[in-house]
Amino acid sequence: MAPLLHLHRISSPLFSKSKLHTTLNQFPQKILNLSPTKKPTQTPQISSISTVSSTAHLDLAIPEETHLEIPLEKLFVPPEVDISDGFEALSARVLKGSNIVLSSYARDAQIKEAEFVKSSTKTEDCPSDGLPEFALVGRSNVGKSSLLNSMVRRKRLALTSKKPGKTQCINHFRINDSWYLVDLPGYGYAAAPQELRTDWAKFTKDYFLNRSSLVSVFLLIDASIPAKKIDLEYASWLGQNEIPMTLIFTKCDKRKKKKNGGKRPEENVEDFQHLIREHFQAVPPWIMTSSVTNQGRDQMLLHMAQLRNYWLKH
Ligand code: GDP
């Protein structure tokens with residue numbers, strides 16, 4: 001049985017936005033350039049969305065990386081990351097395939113145990129032990145079940161709400177007896193009757209607004225297709241309501257042929273962020289993932305760990 005923790009929620013998305021904003025403004029115009037040979041450019045464009053990882057001290061092996069350029073103002077820099085060491089030090093701490101700088105809070109990232117706890121139809125019925133939690137949500141077919149299973153590395157673990165009777169519920173899974181992964185109903189499922197769809201929206205919004213132990217929503221977006229209106233609306237709503245959000249781009253292994261008019265996943269990733277920018281005071285963290293190649297899995301776990309450990313301490 002996990003010890004009862006007395007926790008409080010941080011006041012605004014992820015970490016304190018004002019703190020984050022101040023941090024970023026200290027180097028307003030500079031570009032992070034993770035390529036040792038390439039000079040910083042003047043145009044703040046993401047030319048290649050992949051980054052380095054320097055997590056040798058952690059127990060997760062992340063492949064060595066190639067190259068990246070992300071403007072500093074588009075990075076997610078957690079509080080208490082010392083930026084006074086300069087760009088080189090900061091750039092070495094950006095998680096591969098994301099805009100997230102790693103902090104010293106990224107400990108105990110691995111999932112060792114996962115168990116289903118309960119399905120709730122109302123926020124009040126959710127577990128009341130105060131353990132920190134992350135809610136995964138996305139359009140039906142975005143790849144949520146596949147991602148959950150890839151995260152726990154156990155294909156047959158019922159880390160999915162697809163079971164009959166659980167599709168309209170808030171499903172809690174306790175991880176390592178110390179935090180929760182929460183599977184929320186998919187939205188935008190055309191075949192669902194309108195009243196059901198409205199109900200889902202109502203109860204998930206209530207959950208987002210009132211769940212005090214929610215550390216961050218992980219909003220899943222399919223990066224193999226252009227941004228969908230419903231996803232943009234969902235992200236904007238979270239931004240407007242200051243609900244902490246991390247964008248998880250799925251299916252990043254799918255490469256569209258340019259000549260057929262399709263965009264590459266990294267282009268869709270950039271477009272999506274551009275379209276929601278006005279609704280956020282600071283850039284949301286984002287990670288590119290694939291359940292086929294397991295890209296982004298370790299990065300998600302490290303990001304969850306650092307958010308969780310920071311949240312527990314404050
Ligand atoms: P859910 O409805 O959000 O739970 O989506 P599923 O996990 O059931 O996935 C929907 C479809 O997308 C299935 O056909 C999966 O095989 C496929 N899919 C899921 N994740 C990936 C991925 O990372 N890459 C590719 N290429 N296909 C994926």
Side-chain angles (χ1 to χ4, degrees), residues 49 97-100 119 133-153 155 157-163 166-173 181-192 196-197 199-201 203-205 207-208 214 216-239 243-256 262-276 279 284-301 303-304:
I49 304 178
S98 83
N99 69 335
I100 298 168
S119 292
E133 66 191 39
F134 299 92
L136 276 81
V137 67
R139 221 163 16 84
S140 304
N141 221 37
V142 71
K144 181 153 57 86
S145 320
S146 310
L147 191 74
L148 278 165
N149 286 325
S150 132
M151 279 176 74
V152 296
R153 301 185 197 220
K155 289 206 164 56
L157 186 77
L159 258 180
T160 161
S161 60
K162 280 193 172 168
K163 286 185 177 170
K166 296 200 174 160
T167 48
Q168 298 161 53
C169 293
I170 304 167
N171 298 292
H172 275 78
F173 297 88
L181 267 176
V182 182
D183 187 14
L184 293 177
Y187 55 83
Y189 185 51
L196 257 190
R197 278 189 261 164
D199 262 10
W200 292 345
F203 92 66
T204 48
K205 281 181 181 173
Y207 166 85
F208 292 144
L214 176 63
S216 179
V217 175
F218 277 46
L219 178 63
L220 275 55
I221 305 293
D222 188 340
S224 69
I225 53 170
K228 292 247 185 211
K229 188 163 168 269
I230 193 164
D231 291 332
L232 294 168
E233 284 170 1
Y234 217 99
S236 305
W237 184 89
L238 291 169
I243 311 291
M245 178 190 80
T246 299
L247 289 169
I248 302 297
F249 291 101
T250 63
K251 308 190 188 181
C252 292
D253 59 284
K254 282 185 153 183
R255 320 297 306 181
K256 286 265 163 43
K263 287 197 173 183
R264 288 179 290 122
E266 44 273 51
E267 293 175 288
N268 288 326
V269 165
E270 198 173 355
D271 287 354
F272 192 88
Q273 291 175 81
H274 179 73
L275 291 165
I276 61 164
H279 302 292
W286 55 260
I287 305 173
M288 294 179 74
T289 69
S290 161
S291 305
V292 172
T293 64
N294 286 330
Q295 175 190 350
R297 179 187 59 199
D298 293 344
Q299 287 80 353
M300 273 184 74
L301 292 174
H303 179 55
M304 284 176 166

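Side chains included, hydrogens not; waters and symmetry mates left out as well; all remaining heavy atoms used. Numbers here simply count residues along the sequence, with the first being 1.
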Separation of [Y] [atom2] from [X] [atom1] (nearest 0.5 Å):
X    : Y    : atom1 : atom2 : result
I287 : Q295 : CD1   : CD    : 10.5 Å
M300 : I248 : CE    : CD1   : 4.0 Å
I221 : N268 : CD1   : CG    : 11.0 Å
I225 : K263 : CD1   : NZ    : 13.0 Å
N141 : S146 : CG    : OG    : 9.0 Å
L181 : N171 : CG    : CG    : 11.5 Å

Looking at side-chain heavy atoms only, is the closest gap between [X] and [Y] below 4.5 Å?
X    : Y    : value
P285 : N99  : yes
F208 : L184 : yes
T204 : P185 : yes
K144 : D183 : yes
F218 : S216 : yes

Heavy-atom closest pair, residues G143 and S291:
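Nearest heavy atoms, G143 then S291: O-OG, 4.4 Å.
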
Where is the tightest heavy-atom contact between S150 and R297, given as atom of each residue plus distance?
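Between these two residues, the closest heavy atoms are O-CD, 2.9 Å.
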
Under 3.5 Å, is there a donor-acceptor pair between the side chain of S236 and the main chain of H279?
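Side chain of S236 to backbone of H279, a donor-acceptor pair under 3.5 Å: no, none is there.
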
Using a 3.5 Å distance criterion without hydrogens, assess whether the side chain of T289 forms a donor-acceptor pair with backbone atoms of F249.
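Yes: the side chain of T289 pairs with the backbone of F249.
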
Looking only at side chains, do H303 and S98 share a donor and an acceptor under 3.5 Å apart?
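Note: H303 and S98 side chains miss the donor-acceptor criterion.
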
Please name all residues satisfying side chain to side chain contact (heavy atoms under 4.5 Å, CB included) with L232, sequence neighbours left out, ordered by chain then number.
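Per chain and number, L232 pairs via side chain to side chain contact (heavy atoms under 4.5 Å, CB included) with A227, F272, L275, I276.
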
Tell me, please, which residues at least two apart from D222 pass side-chain hydrogen bond (donor to acceptor under 3.5 Å, both in side chains).
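If we apply the side-chain hydrogen bond (donor to acceptor under 3.5 Å, both in side chains) test to D222, skipping adjacent residues, the hits are S224.
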
Could you pull out all residues at least two apart from D253 that satisfy salt bridge (Lys or Arg N to Asp or Glu O under 4.0 Å)?
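With neighbours one apart ignored, the set is empty.
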
With side chain to side chain contact (heavy atoms under 4.5 Å, CB included) as the criterion, how do I100 and Q299 come out once you've worked through the C-alpha distance, each side chain's angles and the decisive distance to 0.1 Å?
CA-CA 9 Å; I100 298 168; Q299 287 80 353; over 6 Å; no

Y234: ring-ring contact (aromatic ring centres under 6.0 Å, His included) partners, not counting sequence neighbours:
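Expected list: Y187.
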
Partners of Y207 by ring-ring contact (aromatic ring centres under 6.0 Å, His included), sequence neighbours excluded?
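Here no residue qualifies.
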
I'd like to know if R255 pairs up with E266 as an ion pair, taking the criterion as any Lys NZ or Arg NE/NH1/NH2 lying under 4.0 Å from an Asp or Glu carboxylate oxygen.
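Yes, R255 and E266 are salt-bridged.
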
